[in-house]
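Here is the structure we will look at.
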Amino acid sequence: MTTTDSATPAAAPATNKHFIRQIIEADIAAGRNGGRVVTRFPPEPNGYLHIGHAKAICIDFGMAQEYGGRCHLRMDDTNPVKEELEYINAIQEDVRWLGFDWGGHLYHASDFFDQMYAFAESLIQRGKAYVCAVPQEEWKDYRGVPTRPGKESPWRNRPPAESLDLFRRMEAGEFKEGELCLRAKIDMASPNIHLRDPVIYRILHAEHPHTGAKWCVYPMYDFAHPLEDAFEGVTHSLCSIEFEVHRPLYDWVIENLEDSTTTRPHQNEFARLDLTYTVMSKRKLLELVEEKLVSGWDDPRMPTLCGLRRRGYTPAAIRTFVEIVGVTKFNSLTDVALLEHCIREDLNQIALRRMAVLKPLKVTIENAENLPATVAAQNNPEDPAAGTRQVPFSRELLIESDDFMEAPPPKYFRLTPGGSVRIRNAGFLTCTRVEKNTAGEVRNVVCRWSPPTAELKVKGTIHWVSAPHAKPVTVRLYDRLFTVPEPDGQEQDFKTFLNPHSLEQVTAYAEPAVADAQPGEKFQFERVAYFVADTVDSRPGAPVFNRTLPLRDTWAKVEKAGK
RNA sequence: UGCCGGAUGGUGUAAUGGUAGCACAACAGACUCUGGAUCUGUUUGUCUAGGUUCAAGUCCUAGUCCGGCAGCCA
């Protein structure tokens, strides 16, 4: 966690009354569940959270906040084969970083394994579930396909007492994985496959990260999820649209719950977030990590929350982004430019300004008699409260090599032979001559300096650092991870579209104040880009900077258009 | 070809029978000690065909296209 990300426990202000808000308001108005609003964010701890999860988090926690309710964080750990403790901790850190608080309401699906097991027995006793011995290879055949009904298992009408006995022996560990399973007895002819006697408990001889060796039978998602919601008193179970077809089963479980005192939760579905120039599936992100195409889950190019955090994104920007994107059932693809807009807007307000030169060119001042030793510079013109600092000045400066051109194109406002330019916070430079190396390259731009009071008419301002005072710092220039808007869904593998230039490391020369940057601190290197001091590789006095994203560059556009 | 969803500018969304609006992007201009920021303006849209109505993005009918569902994953 960084020092400058103040985790404001508030969602972005509501911009529109989307359908989830409408549903909740109608429920409150109708007095359903006593007008209470309880939501939950239920990640499976089998991977790191990404920007897509951020949408769900902002909705789940945001709705609870907005309507005076609460939101539970729940680890959906019903499959010990895939889940790990490492993820459980990372998930909590990420949700907290995003600015949300679950109070004392941290749950695990596994907290309710006893109750779930008891409920399963109850279903058996009521003839609503049975132990099935159809082997997995044959089950496909029994289940049928969406267009054709399935056929009933030969064990479907096994007496409850027999099923109960077998189920208890399953629980006792008497059977191998896959040998038996517990199914709900619903309707093998249903057009909804999820209602064709779905498996609700399976045998898994696996150590569970939370319950250890206590169980060898584990509930399936479709059975466990509605129960978790009911047991926790969740009123609004908000999830993504691929669960829409599961809703009848969700309702079946809830309706068969005998305890009428529990809350009656309802499931509502919204579309997932998808972004251009990235991939979002856990599988593909894992692939990038495992094949070392990125440095890890927190590589600043990754769309994971830890990656975005390390890249310099702020929680506020992500929350605003999610609010702007909105909530619908339409499967959309959001332009990553919108996310970039949100982070630019936030960073513009909060990032301290500094000067740093990425591709240095030497400037020598010929009239060195009356130079100031330092000049004052505002830390953030957008925020006067950020104060000012003194920046050392001298007769030898470094400027950006792009800021000098011997033969400038039209509308070039920077330094040119015989021309003048303003240097940020420190007066003006007028180029009197240049010195070149034997290859004919400009190595030194000799200038006459004029104080700020000179009021020279210039169109441009450039940044600079004093050469003898400059601190070399490592700077990582990150760019989009992929070269095409939709690396997914192409004919070729998504990895063929990896951007070979997504990371370029250079040494920049910065004003001295930059050396004191604390890990996680955010800056704008004026006229260049927003940067964050890396939380992993920075050392005291030797920060490493990650480029969050470049400043808008109108000149680059003009230049490109001219070509 | 079964079931469940969905379709509004390039992108994301709003309008809940009454002037199709907002944001991003793009483009043009103003301003500026960041070619940043800010401000102004411009371009571009209701999937199709019928119907109801004084009035339809919205309601009805038929179609088209897109997404999801056939793990003892979540």
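Because only heavy atoms are used, hydrogens play no part in the values below, and waters and symmetry mates are left out as well, while side chains stay in. In what follows, every chain begins at residue 1, and chains take the letters A, B, ... in the order their sequences are listed.
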Relative to the 5' end of RNA chain B, which residue comes earlier, N16(A) or C181(A), by the nucleotide with the nearest heavy atom?
N16(A)
Nucleotide of A14(B), U1(B), C24(B) approaching T147(A) most closely (side-chain heavy atoms):
U1(B)
Secondary-structure notation, RNA chain B, from Watson-Crick and G-U pairs under 3.5 angstrom (| other strand)
.((((((..((((....[..)))).(((((.......)))))....(((((..]....))))))))))).....
Looking across every strand, which nucleic acid part, if any, lies under 4.0 Å from [X] by heavy atom: base, sugar-phosphate, or nothing?
X       : result
F330(A) : sugar-phosphate
E244(A) : sugar-phosphate
L333(A) : sugar-phosphate
T276(A) : nothing
K82(A)  : base
V134(A) : base
V325(A) : sugar-phosphate
T78(A)  : sugar-phosphate
G326(A) : nothing

So NZ of K82(A) and CD of E44(A): to nearest 0.5 Å the spacing works out to 5.5 Å
Quick tally for nucleotides 26-36 of chain B: nucleotides whose base has a protein heavy atom under 4.0 Å get B, sugar-phosphate-only ones S, the rest -, giving SS-----BBBB
Exactly one of T374(A), N425(A), N379(A) should register a side-chain hydrogen bond (donor to acceptor under 3.5 Å, both in side chains) with R389(A). Which one does?
N379(A)
When the aromatic ring centroids of F321(A) and Y313(A) are compared, is their separation below 6.0 Å?
no
Name the orientation class of the two ring planes belonging to [X] and [Y] (parallel below 30°, tilted from 30 to 60°, perpendicular beyond 60°).
X       : Y       : answer
Y221(A) : H225(A) : tilted
W449(A) : F393(A) : tilted
W215(A) : Y117(A) : tilted

Using a 90° cut-off around 0 for syn, call G17(B) syn or anti.
anti
Residues of residues 193-207 of chain A with any non-hydrogen atom less than 4.0 angstrom from an atom of RNA chain B: list those, numerically ordered, please.
I193(A), H194(A), V199(A), R202(A)
